[in-house]
Amino acid sequence: MSATIERYNHRTVEPKWQAHWTEHKSFEAKEEPGRPKYYVLEMFPYPSGRIHMGHVRNYTMGDVIARFRRAAGYNVLHPMGWDAFGMPAENAAIERGVHPKSWTYENIAAMRKQLKSMGLSLDWSREFATCDPEYYRHEQAMFIDFMEKGLVERKSSKVNWDPVDHTVLANEQVIDGRGWRSGALVEQRELSQWFLKITNYSQDLLQSLDRLDKWPEKVRLMQRNWIGRSEGLLLRWVLEGAPAGHTELEIYTTRPDTLFGASFMAIAADHPLAKAASADNPELAAFCESCRRMGTSVAAIETAEKMGFNTGLFATHPLDPDWKVPVYVANFILMDYGTGAIFGCPAHDQRDLDFARKYGLPVTPVVRPVDAVAAAQSEKDIAAGTAYDGDGVMVNSRFLDGMSPEAAFAGVADKLEKVLLAGRPVAARKVNFRLRDWGVSRQRYWGCPIPVIHCESCGIVPVPKKDLPVRLPEDVSFDKPGNPLAHHPTWKHVNCPSCGGRATRETDTFDTFIDSSWYYARFCSPHADVPVDPAAAKYWMGVDQYIGGIEHAILHLLYSRFYSRAMQATGHLHMDEPFTSLFTQGMVVHETFKSASGEWVFPTDAAKSENGWVHATTGEALTTGGIEKMSKSKKNVVDPDTIIESYGADTARWFMLSDTPPERDIEWTDAGAAGAWKFTQRLWRMVNETAVLGEKGSHDASGLPLRQTAHRTIAAVTDDLMNLRFNRAIARLYELANAVGTILQKDSRSAGENAALREAVESLVLLFAPMMPHLAEECWRVLGHGVAVVDTAWPKADPALTALNEVTVAIQVNGKRRDEIKVPKGATREVLEPMVMALESVSRALDGKPVSKFIVVPDRIVNIVCAN
RNA sequence: GCGGGCGUGGCGGAAUGGUAGACGCAACGGACUUAAAAUCCGUUGGAGGAAACUCCGUGUGGGUUCGAGUCCCACCGCCCGUACCA
């Protein structure tokens, strides 16, 4: 064995090839009409200052796809940028006195360097940050176009106010009643806000999910639920003894079929009728106030009892003038869904049943299961406090009796649509969505300024496009809480573009989700002086493979889908669905350690002793705290820089792809990383040992087995990479490496074996190149190639070599495996039967019993069935 | 509550309804070495057996099928998402 092979040194090799790729502009993409394109995009990072292992995993996957597609002949676009606006920059300014701009751009520089050390095949010539005026200028221009198109609305509304971050949050940013970033309890405030009319597209956004067949079903379902379509009926009830101006009460229901099961009305505490009725009823007013105070936290909702207050008012049943139903204010009715009022049908709605039982209201079942046993059961359940919400047949419902609930729905709707009340139909079919318009105003400095001017005489005036961008002023102070733009002495004072009079700028900035809602389109033409160059977008869009975390399943992905529609409506883009195929990768997790006093301990400080884990320096006993997502607070982070320095980028990349399927959480372990590193060294040795054997000779029969393995590996890895099954592709590569190693170990080899070896090793290098690009380049050079791997085509499997001419067929007797035989591929039953019946193992298993069936699955299995 | 996913060796995980455990890690045995590291070779689901071989085995219980980790039903457990949405 050649003992003179030097160890593979990633510290010199990796920077060398990175420089080569940069120098040769290997990854700069240009439109080439007629040539198939492939757009790979990973969700761009927030420039927090350092990349973490999650980034390493995300960008490695994207890079493998990009390099693989590139080798396979596609014109690949693989860009990178920075989601650079947002609160951490401002927090840094407040806490440490650094300017958000310098903080951000310094972080970008640091992270760019880190990403480059990973050897990603990115087109850096297209890089931008969303805080570049050259980027947000187009965002502002498009907003003005959206305004003209009626996609923007300014309205005073109750907003979620984050008292820690001093900003408004979108509903989507409120999690369990707390700010998604600060974790502070959210308050309700009344403010004038800018909204994007995403609800104009509710139906389209819902329906088009059906077209996104390359998205995970889970994400589509989450979006479906978020949009929350329901079909129901708006229904007006005449009120009796109501305060002035409240002659009727409009409710929304999805179950008009259960109208004859009505036993009470319930309205939200914020409903105008509740307010009016409270005026001369202090007790009611107090109850409404307590409902408002109850809050929206999950804990509050889960523990809250159904509570109500009888207003003393009555509503008249729309189908029976003599039927009067009491009106309650109830704590479980939300003002911002439907009309903030319902009719309660306790037998078929659990909340209504809880409420009715508490306040002694009637419970009349009106839907009965068709099956008699089920019907009896449902009656018992209802009496015991469990509502029945299944299908069945209508009862106790006059003209609806005997119908299905579906028919009854239509029966009630058809009838009441024709009944007039105060000159209007008393009922109207109505589709309701849970989706709200998107509030985009933020009272922050480090965001894209909203390009409008408030003029006392002209009102809202958009900034003329020639005056864009509206730049953020740089001389701001963060001494006072609230928005530095509002505090700035001069910035907001301008002349009205319309009348020339004194006016003020809007000081709110955009929600940063806007920045990330169109960046994918900007990458097509990052230097164009329009938001998106139509020809470039036409060529590159949509994104063929988008990769990111599941945490963006709703917000970012839904906003982006809306944005592309809005851009289409304003002529900026030619298509509506930006992401053709979506992949959501799992997290990187790591074991956690805790000291006896409950403090988190860095894994690097934990050592294994006979008595379990101890602190490496103090010797204190440690407990393992479970395998969790890497986070600074739990100290279970591994720094990518450290890993790349000690093992190299290729090893880190390889580990990230090995063993665990990409959609699952991967556990970072030192042993696993070390294993990956050993494999890089092994490949390096094999390549060197093969290289000295010289150029490829001619093939003969002795090399056939290895050639077959190599070509089958090419076919399998190609298929696996096409389908993002990285862990399987890697297993195949280990198999090929093992096969190569076996031949290399032999004391003597035939010329044919040497030729096969050369071919197998070259294939191996090209196949692992997307995962370990630096090692592949270096190996390729050692093998004597003058052209770099990035400029070499993906290997092709020879069908003659992947085809099997002999197959192993398993022999079963009564479904139990008893033997296996090697037979020519395609062996028929006529050939197989005598062979199989002659087997000693078969006659032993049959034990003289007659064969009743002889099943042949060609090239797979033979199953002999006999009486037992 | 509702919705979705998952449950396979010591571990990560393979397996178009067709030989369960590919591949890797760990462990054990061996070669090389003064020794160790590195490397290479071998063994490794459980039980029984000297061996041939036999039996058991994919959370539990049923079912469909010649054949089930895979499909169907019920249950148990874990994970994720989500909610007074009328």
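Throughout, protein chains are lettered first and strands after them, A, B, ... in sequence-line order, and every chain is numbered starting at 1. Treat the numbers as computed from the prediction; the structure is a model and nothing was measured.
For A:R860, the side-chain atoms get nearest to B:rU19 when compared with the rest of B:rU19, B:rG3, B:rC84. In this structure, of B:rC25, B:rA22, B:rC40, it is B:rC25 that holds the atom nearest to the side chain of A:A671. In this structure, of B:rG24, B:rU19, B:rU39, it is B:rU39 that holds the atom nearest to the side chain of A:R685. Comparing B:rC84, B:rA86, B:rG3 by their nearest atom to the side chain of A:F332 picks out B:rC84. Between B:rA86, B:rC85, B:rG12, one nucleotide has an atom nearer to the side chain of A:I333 than all others, and that is B:rA86. With B:rA22, B:rC85, B:rG3 as the candidates, the nucleotide lying closest to the side chain of A:R732 is B:rA22. Of all nucleotides listed (B:rA14, B:rC40, B:rG12), B:rC40 comes nearest to the side chain of A:R682. Comparing B:rG24, B:rC41, B:rG3 against the side chain of A:L221 picks out B:rG3 as the nearest.
Nearest heavy-atom pair across A:R712 and A:A803 is NH2-O, 3.3 Å. A:R224 approaches A:L209 most closely through the heavy-atom pair N-CD1, 3.8 Å. Scanning both residues, A:S631 and A:N636, for their nearest heavy atoms gives N-OD1, 2.9 Å.
Counting heavy-atom neighbours within 6.0 Å of A:E806 CD, excluding the residue itself, gives a total above 12.
Counting any heavy atom pair closer than 4.0 Å across all strands shown, A:S658 reaches no nucleic acid atom. Nucleic acid contact class of A:N727 (heavy atoms, under 4.0 Å, all strands): sugar-phosphate only. Base engagement by A:T808 is indicated by at least one non-hydrogen atom pair under 4.0 Å involving a base atom. Counting any heavy atom pair closer than 4.0 Å across all strands shown, A:E735 reaches sugar-phosphate atoms only and no base atom.
Under the 6.0 Å distance and 45° angle rule, A:R434 counts as a cation-pi partner of A:W226.
To the nearest angstrom, C1' of B:rC85 lies 15 Å from CG of A:D389. With rounding to whole Å, A:E591 atom CD is found 14 Å from B:rC11 atom P. Distance A:F433 CZ to B:rA86 P: 13 Å, rounded to the nearest Å. Here the C1' atom of nucleotide B:rC25 and the CD atom of A:E667 are 11 Å apart, to the nearest Å. Following rounding to the nearest Å, A:F655 (CZ) and B:rC23 (C1') show an atom-to-atom distance of 15 Å. Rounded to whole Å, the distance from CG on A:D659 to P on B:rG24 is 10 Å. Atom NZ in A:K430 sits about 14 Å away from atom P in B:rA86, given to the nearest Å.
A donor-acceptor pair shorter than 3.5 Å cannot be found between the side chains of A:Y734 and A:S658. Looking only at atom types and distance, the side chain of A:R220 has no donor-acceptor partner in the side chain of A:N225 under 3.5 Å away.
Of the P atoms belonging to B:rU58 and B:rG63, the separation is 16 Å, rounded to the nearest Å. Comparing B:rU65 with B:rC72, their P atoms sit 16 Å apart, to the nearest whole Å. Spacing between B:rU64 and B:rA83 at atom P, rounded to whole Å, works out to 43 Å. Across B:rA68 and B:rG18, the matching P atoms stand 11 Å from one another, rounded to whole Å. Here the separation of B:rU16 from B:rC71, taken at their C1' atoms, is 14 Å to the nearest Å. Remark: the separation of the P atoms in B:rA15 and B:rU70 is 15 Å, to the nearest Å. Nucleotides B:rA38 and B:rA20 are separated by 37 Å at their P atoms, to the nearest Å. To the nearest whole angstrom, the two P atoms, one in B:rG59 and one in B:rA14, are 15 Å apart.
In this structure a side-chain-to-backbone donor-acceptor pair under 3.5 Å is present from A:T311 to A:V327.
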*Go through the steps to decide whether A:L832 and A:I821 satisfy the test side-chain contact (heavy atoms from CB on, under 4.5 Å), and finish with yes or no.*
CA-CA 10 Å; A:L832 286 165; A:I821 53 171; 4.1 Å; yes

*asked:* Does A:D437 form a side-chain hydrogen bond (donor to acceptor under 3.5 Å, both in side chains) with A:T199? I'd like the steps, not just the answer.
replied: CA-CA 6 Å; A:D437 277 330; A:T199 57; 2.7 Å; yes

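Taking for each of A:E663 and A:I811 the nucleotide of RNA chain B with the nearest heavy atom, the 5'-most of the two is the partner of A:E663. Of the two residues contacting RNA chain B, namely A:M222 and A:R817, the nearest-nucleotide position lying further toward the 5' end is that of A:R817.
In terms of phosphate contacts, A:Y252 brings no side-chain nitrogen or oxygen within less than 4.0 Å of OP1 or OP2 of B:rA86. For the OP1/OP2 pair of B:rG4 and a distance below 4.0 Å, the side-chain nitrogens and oxygens of A:R224 include no atom meeting the criterion. Contact annotation: A:R664 reaches the phosphate of B:rG13 (side-chain N/O to OP1 or OP2, under 4.0 Å). OP1 or OP2 of B:rG24 lies within a sub-4.0 Å distance of a side-chain N or O belonging to A:N738. Contact annotation: A:R351 reaches the phosphate of B:rC85 (side-chain N/O to OP1 or OP2, under 4.0 Å). Between B:rA14 and A:R725, no contact under 4.0 Å exists linking OP1 or OP2 to a side-chain N or O.
Scored by the ring pair (Phe, Tyr, Trp, His ring centres under 6.0 Å) test, A:Y359 finds A:Y328, A:F355 as partners (sequence neighbours excluded). The side chain to side chain donor-acceptor pair (under 3.5 Å) search around A:H711 returns A:E759, not counting sequence neighbours.
Glycosidic conformation, B:rG81: anti, with the torsion outside 90° of 0.
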For residues 660-670 of chain A, run the donor-acceptor check on the side chains, cut-off 3.5 Å, and write out each pair with its distance to 0.1 Å, sequence neighbours left out.
unit_1: A:D665; atom_1: OD1; unit_2: A:M587; atom_2: N; d: 2.9
unit_1: A:T669; atom_1: OG1; unit_2: A:G672; atom_2: N; d: 3.0

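Salt bridge annotation for A:E840-A:R844: present, with a cationic side-chain nitrogen under 4.0 angstrom from a carboxylate oxygen.
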*Using a 4.0 Å cut-off on protein heavy atoms (strictly under), produce a 5'-to-3' string for nucleotides 50-57 of chain B with B for base contact, S for backbone-only sugar-phosphate contact, and - for none.*
---SSSS-

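A ring-centre distance under 6.0 Å is found for A:H317 and A:F260.
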*Please, what dot-bracket string fits RNA chain B when only Watson-Crick and G-U pairs with both distances under 3.5 Å count, crossing ones use [ ] and pairs to another strand use |?*
(((((((..(((.....[....))).(((((.......))))).((((....))))..(((((..]....))))))))))))....

Do any N or O atoms of the protein come closer than 3.5 Å to N or O atoms of nucleotides 63-74 of chain B, and which pairs are they?
unit_1: B:rC66; atom_1: OP1; unit_2: A:K853; atom_2: NZ; d: 3.4
unit_1: B:rC66; atom_1: O2'; unit_2: A:N863; atom_2: ND2; d: 3.1
unit_1: B:rC66; atom_1: O2; unit_2: A:N863; atom_2: ND2; d: 2.7

